[in-house]
J.: 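Supplied in C-alpha cells, the structure appears directly below.
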Protein chains: 2
Amino acid sequence: MTAVVPTEDWINRFDGLSKLEPRLRDVLTTRSQVIRLPADTIIFGPGKSPDHLLLLLQGTVRVQQLAESGREVVLYRATAGESCVLTTACMLAYEDHAAEGVAETEVVAAAIPRGVFDDLVASSKEFRNFVFRAYSRRISDLFHVIEDIAFRRMDIRLAQKIIERADTGVLKATHAQLAAELGTAREVISRQLAEFQRRGWIAQSRGAVEILDCDGLRALSTS
Amino acid sequence: MTAVVPTEDWINRFDGLSKLEPRLRDVLTTRSQVIRLPADTIIFGPGKSPDHLLLLLQGTVRVQQLAESGREVVLYRATAGESCVLTTACMLAYEDHAAEGVAETEVVAAAIPRGVFDDLVASSKEFRNFVFRAYSRRISDLFHVIEDIAFRRMDIRLAQKIIERADTGVLKATHAQLAAELGTAREVISRQLAEFQRRGWIAQSRGAVEILDCDGLRALSTS
DNA sequence: GTCCGTCAGTGATCTAGTCACACAAGCACC
DNA sequence: GGTGCTTGTGTGACTAGATCACTGACGGAC
C-alpha cells in the first residue's frame with residue numbers, strides 16, 4: 001500500500017457524507033490515508049481480514065465467493081463513490097468466510113482505520129446513516145444474488161450480464177470468467193453463447209463477446 | 001402487537017449487552033417494549049418495512065426469500081438471544097427487497113424503536129459492537145446460503161437439513177416445506193427422501209420424517 | 001517455424017427442475 | 001357410513017444445468 005497525500009475534498013463524492021460537520025470532515029481527512037492499490041490486489045479474503053474501511057475514490061472492487069471445488073460467484077462490485085462496507089463486518093467476523101475482495105482495476109481509496117470508523121459512528125448521525133445505508137445496499141445485492149442463483153434461468157442471467165458489463169458493445173471476458181461471474185461452469189457459458197450467436201445476437205472472438213442485437217438480448221433478459 | 005411489561009433483566013441474555021453501563025440499560029428497558037407476536041406473524045416483508053429492532057427473548061423468526069414463481073428459500077433463523085438485525089438494514093432500505101421475516105413460533109421480543117437504536121449506537125461502544133457482530137453473523141449466514149445453493153448437491157443439503165432440524169429424531173415437515181427450506185421443488189425432495197428411505201436412513205409418514213440411521217445421513221451430509 | 005499455455009467446442013452422462021398427472025390420507029358435512 | 005374437499009405424496013416424461021473427458025484452435029515465447 002503506497003500512501004498518497006489527499007489532494008482534494010473527496011468526502012463530497014460520498015452520498016450522505018457531504019453533510020458532515022467540518023470537525024468530522026477534518027477527522028476523516030487527517031486520520032485516514034488515501035491509498036493506491038494495483039489491479040488484482042486481494043483486499044480481503046479467507047485468512048486475511050481487513051483493518052480499514054475503504055471508501056473508493058477510483059476503480060472498482062469485486063467481491064466474490066469461492067468454493068473448494070474451484071468454482072466462484074461474483075457477489076457484487078463496489079465502484080467509486082461507494083464503500084466496501086461489508087469489510088467492517090469482516091473486521092469483527094467470528095468466523096472466516098469464503099468471500100474475497102479483489103481490486104478489479106487499479107483502486108484509489110480512502111482507508112479509514114478501525115478506531116476512526118468507531119469514533120465517527122459514535123459522533124455523527126450522518127456517518128451512521130451512511131454506514132447503514134451502505135450495508136442495506138450490499139445486503140440487497142446479496143438477496144439479489146440468491147434470487148438469481150436459486151430461481152432464474154442461466155440464459156436470462158447471462159444475457160443480463162452481457163448487457164450490464166459490455167461498455168461499448170463489446171464485453172472483454174473469457175467464457176471461464178463469465179462462468180465465475182455467474183457461478184456456473186464454463187461449458188454452460190460456451191453452449192449458451194453459441195446459442196446467442198446462432199440467433200445473431202452476438203459475435204464471439206477469443207476473450208470477447210460483441211453485441212450485435214441488443215434488443216434480442218434485452219428481450220430475453222427481461223422475460 | 002400486545003404490550004407486555006418487562007419482568008426481568010433480559011439484557012444479560014444478549015451476548016455483549018451485559019457489559020452495558022447502567023444508564024444505557026435503563027434506556028433499553030424503559031424506552032423499548034416487550035412484545036408478544038403469535039406464530040406466523042409477518043414481521044417484515046415486501047411493502048412492510050419494520051420500524052423496530054427486535055431482540056428475541058423467546059421463539060424463532062424465519063427469514064426467507066420469495067420468488068414470483070412461488071418458490072422460496074430460507075435464508076436464516078434468529079432464535080432467542082439473537083437480534084433480527086437485518087431489519088435495521090431494511091429500515092433504511094432504498095428498495096423493497098423480496099425477503100420476508102415470519103414468526104415461526106410465538107415470539108416474545110424487545111422492540112427497540114428506531115430513535116432509541118440510534119441513541120444507543122451513538123452512545124455505547126458495547127452496543128455498536130453488538131450490532132456489528134450481529135450483522136457480521138447474518139452476512140456470514142447469507143454467504144453460507146449462497147455457497148450451498150450455488151455449489152452443493154441437493155442430497156447433501158437435504159441430509160444436513162434433516163439432521164439439523166429433527167429435534168427428537170423426528171422432523172415434522174411436509175415435502176413442500178422442506179423444498180421451500182432449501183429453495184428447490186417438492187418433487188426433488190420426494191425423490192431424495194424416497195432414496196434415503198430405500199437406504200434405510202429414514203422412515204416417512206404424512207408430514208413427518210423419522211431418522212432411523214443418523215450416521216448414514218451424517219456420512220452423506222459431510223461428504 | 002515449434003512449443004506451450006490458454007481458450008473454446010463437443011458428446012456422454014448425471015443431477016436437478018418442470019409439467020402434468022394419479023392417487024391416498026385426513027376432515028367436514030350430511 | 002358415504003360424499004366431497006383439501007392437502008400431501010408418487011411418478012413418468014421432458015428440459016435445463018453440471019460434470020467429465022476429451023479435442024482442437026489461437027497466440028505468444030523461444
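Chain letters run A, B, ... following the sequence lines, proteins first, then strands; residues in each count from 1.
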J.: Evaluate A:L57 against A:R13 for side chain to side chain contact (heavy atoms under 4.5 Å, CB included), listing each step before the verdict.
T.: CA-CA 8 Å; A:L57 304 176; A:R13 298 196 201 166; 3.9 Å; yes
J.: Using the ring-ring contact (aromatic ring centres under 6.0 Å, His included) rule, collect all pairs that involve residues 65-84 of chain A, keeping only residues at least two apart or in two chains.
T.: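 ring-ring contact (aromatic ring centres under 6.0 Å, His included) check on residues 65-84 of chain A returns no pairs.
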J.: Indicate for each nucleotide in nucleotides 16-26 of chain C, in 5' to 3' sequence, whether protein heavy atoms under 4.0 Å reach the base (B), only the sugar-phosphate (S), or nothing (-).
T.: SBBBB----B-
J.: Does anything in residues 162-181 of chain A come within less than 4.0 Å of DNA chain D? Heavy atoms only, and list the residues if so.
T.: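 Within this stretch, nothing sits under 4.0 Å of the strand.
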J.: Look only at the side chain of B:T41 and the backbone of B:L37, and say whether a donor-acceptor pair between them is shorter than 3.5 Å.
T.: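 A pair under 3.5 Å: no.
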J.: Below 4.0 Å from chain B heavy atoms, what is the first contacting nucleotide of DNA chain D and what is the last?
T.: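 With heavy atoms of chain B under 4.0 Å away, the range is D:dT7 to D:dA13.
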J.: Any heavy-atom pair between the side chains of A:V61 and A:V102 that's under 4.5 Å?
T.: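 Side chain of A:V102 against side chain of A:V61, heavy atoms only: no contact under 4.5 Å found.
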J.: With sequence neighbours excluded, give me every ring-ring contact (aromatic ring centres under 6.0 Å, His included) pair touching residues 189-223 of chain B.
T.: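 Every ring-ring contact (aromatic ring centres under 6.0 Å, His included) pair that includes a residue of residues 189-223 of chain B, provided the two are not neighbours, is B:F196-B:W201.
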J.: Do B:Q204 side-chain atoms and B:E210 backbone N/O form a donor-acceptor pair below 3.5 Å?
T.: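 No: the side chain of B:Q204 does not pair with the backbone of B:E210.
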J.: For A:Q204 and C:dT6, give me the distance from atom CD to atom C1', rounded to whole Å.
T.: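 A:Q204 atom CD is separated from C:dT6 atom C1' by 16 Å.
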J.: Measuring only between side-chain heavy atoms, which start at C-beta, is A:Q64 closer than 4.5 Å to A:L75?
T.: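 A:Q64 does not reach A:L75 side chain to side chain.
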J.: ring-ring contact (aromatic ring centres under 6.0 Å, His included): which pairs involve residues 148-190 of chain B, sequence neighbours left out?
T.: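 Listed once each, the pairs would be none.
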J.: Would you please indicate if the ring centroids of A:F117 and B:F132 are separated by under 6.0 Å?
T.: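 Between A:F117 and B:F132, the centre distance is under 6.0 Å.
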J.: Please confirm whether the backbone N or O of B:L182 pairs with a side-chain atom of B:R157, one donor and one acceptor, at under 3.5 Å?
T.: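 Side chain of B:R157 to backbone of B:L182: a pair is present.
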